[in-house]
Student: 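Have a look at this one before I ask anything.
Letters go in sequence order (proteins before strands), and every chain restarts at 1. Scope of the values below: all heavy atoms of this structure, side chains included, with no hydrogens, waters or symmetry mates.
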Number of protein chains: 2
Amino acid sequence: MPSSTSGEPPFSVWLRPERARRDRRLSRERIVRAAVALLDAEGVRGLSMRRVAADLEVTAGSLYWYVTTKDELMELAMDEVLGEVLGEVLGEVSERGPAPEGEWRTALERMARGQRAMLLRHPWMLSDLASQPNLGPNALALADAGLRLLATAGFRDGELDAALAAITDHVVGAVAAEISWRTVTERTGARAGGTADWRERAGGFLERVAEEYPLLGRRLGAGGPVDPGAESERRFAYALGCLLDGLEARRGGRPPA
Amino acid sequence: MPSSTSGEPPFSVWLRPERARRDRRLSRERIVRAAVALLDAEGVRGLSMRRVAADLEVTAGSLYWYVTTKDELMELAMDEVLGEVLGEVLGEVSERGPAPEGEWRTALERMARGQRAMLLRHPWMLSDLASQPNLGPNALALADAGLRLLATAGFRDGELDAALAAITDHVVGAVAAEISWRTVTERTGARAGGTADWRERAGGFLERVAEEYPLLGRRLGAGGPVDPGAESERRFAYALGCLLDGLEARRGGRPPA
DNA sequence: ACCTGAACACCGTTCAAGT
DNA sequence: ACCTGAACACCGTTCAAGT
């Protein structure tokens, strides 16, 4: 069989193999992967159908063969990334059986920290938060794993969802705050002294704020440099501790089985 | 060393003084109000410079005399709306002085509920969450009022910010989940039986999920109609209760003054 | 000082036409 | 079945020119 894939056009149909269904240049998977890469690299603003298409060396219109809308692509990208934590959480819920007393706390904490780390790796995950609940396979598996974890921890049926929501909502809110805080310090102090630069760029603003609102001023770093990473970690742990204490008191008792 | 303070565009509206006034059809205030109205009516997707300009019977370009960028307009709109809760929180913190024992709990709860209600009135507030911390006057006043509330509640200095973050992060995360949940049920069951319609529109999907993930299936309404409003309220209260319990245990003691 | 009008460089999405 | 190319109706932002 002569080479037919490139070069001169074949002089006869019969010399050209019929196009296999498999030699498609595109696939939903490739598209989603390209989208995730783009999102990681340039954020939500950087994501466009045309850009994704270009990265795949294809026309924008062709993407619509695999995906009916940009929103849909975003849904797919989000679920793709949720897969990163799925393994961890499934490990928590299955490796250990009914969870020995006290273990459930650290299991929940690991779940929360895993989700937080993932969101920090892919900050764009938070940009579409309020738009639509994720119904993708990974999202579903993740939610169910969380519910099962809480069930084996001894939470009553009617409280499973509320308990899970308490934790995931905290993760989401905390990471959103962390990211917004990070972007302002990083954007201003791109390559200079980091936090120091934000404080000098803010100039008189910070001082005026601190004067009018002393408590708030300290929080914003008027009293000295502030490490947003360390601060965020401290707050995250604090609230998580509060939540787990509260959950402990509401727990039904020991594992049912 | 050349002054580095000028050159780059200011990264926040609040660091840049407003222009002098004269006889003009436009004003920052009018623009912001129009933007808020548009956002309330049509969400973030509906907001465009051209649309705002049209609503004000003016050309798109002219907006840039008052606002350097669409992001800036968004910052302004968000702070505008934060003003709605400012009054309530200030009431909490000043009306009652050092807050009698036990009162701090209900004060915090009122604050949280006020913020939640405001976010539900203006769901678009959550669409820019992770982008940039709000440094507007209302945002600052609100944050400081929260800190003061916690201070009079007896929280130690070093924990004020973590305690406040615990609550606001929960509010944000919970409302984000609530909105996303609401949009899916409302979008599908626009004028029909509300939640019922979502369940029938989802068709086999819901059943398949419930089969593979029994716990999750119930949560999604596979077992019967679910009222997202009531469910969200229940979850919100549950997590808030957990948080307040945890906070109570960490509180320093009684009010310092 | 303030606003218009036109332009630039992008968008998401559609769809006839090709292969 | 899959992809191209061109088109449509929008964007944010800039800027000379008017008043």
Side-chain angles (χ1 to χ4, degrees), chain A residues 4-32 34-35 38-39 42-77 127-128 131-132, chain B residues 8-11 13 16-32 34-35 38-39 42-77 124 127-128 131-132:
Chain A
S4 60
T5 59
S6 69
E8 327 86 293
F11 55 88
S12 166
V13 220
W14 313 110
L15 301 188
R16 182 178 54 77
E18 192 176 2
R19 196 198 296 271
R21 202 179 55 74
R22 272 292 162 243
D23 71 346
R24 301 184 292 185
R25 324 178 44 192
L26 250 35
S27 72
R28 191 178 257 193
E29 197 187 339
R30 284 196 67 208
I31 294 174
V32 171
L38 195 52
L39 285 163
E42 318 200 3
V44 226
R45 311 287 259 262
L47 181 73
S48 79
M49 291 290 139
R50 291 171 136 104
R51 203 55 168 73
V52 171
D55 289 354
L56 293 168
E57 291 174 308
V58 117
T59 324
S62 62
L63 299 182
Y64 288 85
W65 186 261
Y66 298 87
V67 138
T68 59
T69 198
K70 187 188 177 184
D71 284 344
E72 227 183 66
L73 178 52
M74 197 68 191
E75 275 191 274
L76 291 166
S127 49
D128 239 13
S131 68
Q132 198 169 95
Chain B
E8 319 92 307
F11 55 88
V13 222
R16 190 174 54 69
E18 196 178 359
R19 269 211 163 77
R21 93 174 352 275
R22 196 130 167 123
D23 62 325
R24 25 177 208 186
R25 326 175 42 192
L26 252 37
S27 71
R28 191 180 258 192
E29 199 188 340
R30 286 196 65 209
I31 294 173
V32 171
L38 195 53
L39 285 162
E42 319 201 3
V44 227
R45 312 286 260 260
L47 182 72
S48 78
M49 292 287 136
R50 292 172 135 104
R51 216 26 183 87
V52 171
D55 289 353
L56 294 168
E57 290 172 310
V58 115
T59 324
S62 61
L63 299 182
Y64 289 86
W65 186 259
Y66 298 88
V67 137
T68 59
T69 199
K70 187 189 176 182
D71 284 343
E72 235 186 57
L73 178 53
M74 198 66 190
E75 275 191 274
L76 291 165
W124 49 269
S127 49
D128 239 13
S131 68
Q132 199 171 89

Student: For a quick test of reading the model, state the closest non-hydrogen atom pair linking Ala77(A) to Leu39(A) and the distance between them.
Tutor: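 Smallest interatomic distance, heavy atoms only, reads CB-CD1, 4.0 Å.
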
Student: Determine whether more than 12 heavy atoms belonging to other residues, nucleotides or ligands lie under 6.0 Å from atom CD of Glu72(A).
Tutor: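 Yes, because the 6.0 Å sphere around CD of Glu72(A) holds more than 12 heavy atoms from other groups.
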
Student: Heavy-atom distance under 4.5 Å between the side chains of Met49(A) and Leu73(A), does that happen here?
Tutor: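 Heavy-atom side-chain distance check passes, below 4.5 Å.
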
Student: Please, what dot-bracket string fits DNA chain C when only Watson-Crick and G-U pairs with both distances under 3.5 Å count, crossing ones use [ ] and pairs to another strand use |?
Tutor: ||.|||||...|||||.||

Student: Work out which heavy atom in Asp128(A) is nearest to a heavy atom in Ser131(A); give both atom names and the distance.
Tutor: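 Closest heavy-atom pair between Asp128(A) and Ser131(A): O-OG, 2.7 Å.
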
Student: Not counting sequence neighbours, which residues clear side-chain hydrogen bond (donor to acceptor under 3.5 Å, both in side chains) with Arg51(B)? List them please.
Tutor: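 For Arg51(B), the residues satisfying side-chain hydrogen bond (donor to acceptor under 3.5 Å, both in side chains) (neighbours in sequence not counted) are Glu42(B), Asp55(B).
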
Student: Could you check if a side-chain atom of Leu47(B) sits within less than 4.5 angstrom of a side-chain atom of Met74(B), using non-hydrogen atoms only?
Tutor: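 Yes. Closest side-chain heavy atoms under 4.5 Å.
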
Student: I want to check something: taking the side chain as every heavy atom from C-beta on, are Leu26(B) and Tyr66(B) in contact at a cut-off of under 4.5 Å?
Tutor: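 The answer is yes, as the side chains (C-beta and beyond) meet within the 4.5 Å cut-off.
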
Student: Please answer whether the main-chain N or O of Arg30(B) pairs with a side-chain N or O of Ser27(B) as donor and acceptor at a distance below 3.5 Å.
Tutor: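 Checking the backbone N and O of Arg30(B) against the side chain of Ser27(B), a donor-acceptor pair under 3.5 Å is found.
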
Student: Does dC2(D) have its OP1 or OP2 closer than 4.0 Å to a side-chain nitrogen or oxygen of Trp65(A)?
Tutor: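 The answer is yes; a side-chain N or O of Trp65(A) sits under 4.0 Å from OP1 or OP2.
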
Student: Report, as a single string ordered 5' to 3', how protein heavy atoms within less than 4.0 Å touch nucleotides 4-16 of chain C: B base, S sugar-phosphate only, - not at all.
Tutor: BB-B---BBBB--

Student: Provide, to the nearest angstrom, the distance between the CZ atom belonging to Arg30(B) and the C1' atom belonging to dC3(C).
Tutor: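 It is 13 Å, rounded to the nearest whole Å.
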
